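Structure, as structure tokens:
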Number of protein chains: 2
Amino acid sequence: MPATRKIFREFIARKGLKSTQQREIILDEFLRSGSHLSTEELYLRIRAKHPHIGYATVYRTLKLFAECGIAEPRHFGDGQTRYESTHAQEHHDHLICTGCGAILEFEDPGIEQLQEQVAAQHGFHIERHRLEIYGLCNKCLPSRTEAAQ
Amino acid sequence: MPATRKIFREFIARKGLKSTQQREIILDEFLRSGSHLSTEELYLRIRAKHPHIGYATVYRTLKLFAECGIAEPRHFGDGQTRYESTHAQEHHDHLICTGCGAILEFEDPGIEQLQEQVAAQHGFHIERHRLEIYGLCNKCLPSRTEAAQ
DNA sequence: CTTAAGATTGACAATCATTTTCAACCCAGG
DNA sequence: CCTGGGTTGAAAATGATTGTCAATCTTAAG
């Protein structure tokens, strides 16, 4: 995704910040890795190749990514912040199991289209959205049949 | 909300837990207070009338509320968990303007229905969901026509 | 190329929300 | 009442995230 790198570079320049090796490395690994990576998971992957990069730097850099819009922070309820690339792949939404914590991705053009309609009714121009559905997956459903309600 | 109290009492009974003064007091204050209260804010309100109730008890009790479905935890990015009463008002989703910060509420039965379809395809049982659409409202749209990309 | 100013880094300490620990205590049933 | 086991409050522990600070790297100027 060349656009993502460009956005970040321009952001760095505009803010009077500096382009460093660490930031490039972290951006590389962030874009290469799949979504839903927690900061710790990303840090561990980076450290595998670049043991000199510190935990705090990963945190700081991810906040920069979020600030310039190339990453989006998410909270799935496990106490950790996860960042997702906004340009790397097709948009998708999430089914999150409150039983086992499993995260399923899905995309539904119908839902997207209805969102556009709703936005249009309000004179609203959509930049992005977030849809998270919480519930029980088919593995956890049986074990909660009596406790659920 | 008499139903809410009943749900909680039944949950307590079903789980073999006990009905205590503290739990009643916390439920009272939780229902009396508006939504989006952080745990700390709720604790402070409770402590004003009942100085003997501890912080940990409020945390523990709110988790019980969430577990039995009468409260819903939310994360707004400030690092604190907020609980919202699920019976206080109708469900709604949000359009959030990234220009001026305005928040519009909406509800769309069509979107809800498609969500049910998606969940069914994945063998998923929905407990709750959250849909947030970010973009520009009709007031902010004109001023960003060139700066957007 | 050299240099100086200032941003950045990494190791570690500090912070903040939340959870756990544990002895004292309360609730339900016998 | 009594007893077993869930509950509580205070404090310590935990875990994620952020701040500190001296050493280091970037960048633009000289």
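Chain letters run A, B, ... following the sequence lines, proteins first, then strands; residues in each count from 1. Quantities reported herein were computed from a predicted structural model and do not represent experimental measurements.
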Value in whole Å for how far the [atom2] atom of [N] lies from [atom1] of [X]:
{"X": "A:R9", "N": "D:dT27", "atom1": "CZ", "atom2": "C1'", "answer": "16 Å"}
{"X": "A:Y43", "N": "C:dC12", "atom1": "OH", "atom2": "P", "answer": "11 Å"}
{"X": "A:F11", "N": "C:dA7", "atom1": "CZ", "atom2": "C1'", "answer": "14 Å"}
{"X": "A:F76", "N": "D:dA16", "atom1": "CZ", "atom2": "P", "answer": "17 Å"}
{"X": "B:I12", "N": "D:dT7", "atom1": "CD1", "atom2": "P", "answer": "7 Å"}
{"X": "B:K15", "N": "D:dG5", "atom1": "NZ", "atom2": "C1'", "answer": "17 Å"}
{"X": "A:H50", "N": "C:dG10", "atom1": "NE2", "atom2": "C1'", "answer": "16 Å"}

- Answer yes when A:R45 and A:D28 have at least one side-chain N-carboxylate O distance shorter than 4.0 Å, and no when they do not. no
- Message: Under a 4.0 Å threshold between the charged nitrogen and the carboxylate oxygen, would B:E24 count as salt-bridged to B:R9?
- Response: yes
Test ring-ring contact (aromatic ring centres under 6.0 Å, His included) applied to [X] - qualifying residues, sequence neighbours left out:
{"X": "A:Y55", "value": "A:Y43, A:Y59"}
{"X": "A:H94", "value": "A:H36, A:F76, A:H92"}
{"X": "B:F30", "value": "B:F65"}

- Query: Considering residues at least two apart in sequence or located in another chain, which fulfil the salt bridge (Lys or Arg N to Asp or Glu O under 4.0 Å) criterion with A:R14?
  - Reply: none
- Among all residues two or more places apart in sequence or in another chain, which pass the salt bridge (Lys or Arg N to Asp or Glu O under 4.0 Å) test with A:K63? none
- Would you kindly say whether A:E132 and B:H129 are connected by a side-chain donor-acceptor distance under 3.5 Å? no
- So which of residues 20-30 of chain B are in contact with DNA chain D, with a heavy-atom cut-off of under 4.0 Å? B:T20, B:Q22, B:R23
- Residue met sooner reading DNA chain C from 5', once A:H52 and A:G16 are mapped to nucleotides: A:G16
- With sequence neighbours excluded, tell me which residues meet side chain to side chain contact (heavy atoms under 4.5 Å, CB included) with A:S38. A:E40, A:E41, A:Q80, A:R82
- Who pairs with A:H122 by side chain to side chain contact (heavy atoms under 4.5 Å, CB included), at least two apart in sequence or on another chain? A:V118, A:F124, B:L95, B:L104, B:F106
Tell me which donor-acceptor pairs under 3.5 Å the side chains of residues 16-23 of chain B have, and how far apart each pair is, sequence neighbours excluded?
residue, atom, partner, partner atom, Å
B:T20, OG1, B:R23, N, 3.3
B:R23, NH1, B:K18, O, 2.7

- Classify every nucleotide of nucleotides 17-23 of chain C by which part a protein heavy atom approaches to under 4.0 Å, writing B for the base, S for the sugar-phosphate alone and - for neither, in 5'-to-3' order. SBBBB--
- Rounded to 10 degrees, the angle between the two terminal axes of the helix from C:dC1-D:dG30 to C:dG30-D:dC1, each from five pairs: 30°
- Message: Assuming nearest nucleotide by heavy-atom distance, tell me which of B:L17 and A:L17 is located more 5' along DNA chain D.
- Response: B:L17
- Please work out whether the ring planes of B:F11 and B:F8 are parallel, tilted or perpendicular, with thresholds of 30° and 60°. parallel
Show me the protein contacts with nucleotides 28-30 of chain C, counting only N or O atoms at under 3.5 Å.
none

- Could you tell me which non-hydrogen atom of A:H75 sits nearest to which non-hydrogen atom of A:Y134, and how far apart they are? O-OH, 3.8 Å
- Task: With salt bridge (charged side-chain N to carboxylate O under 4.0 Å, His left out) as the test, would you mind laying out the steps for A:K15 and A:E67 before giving the verdict?
- Result: CA-CA 11 Å; A:K15 285 273 194 173; A:E67 202 180 333; 3.3 Å; yes
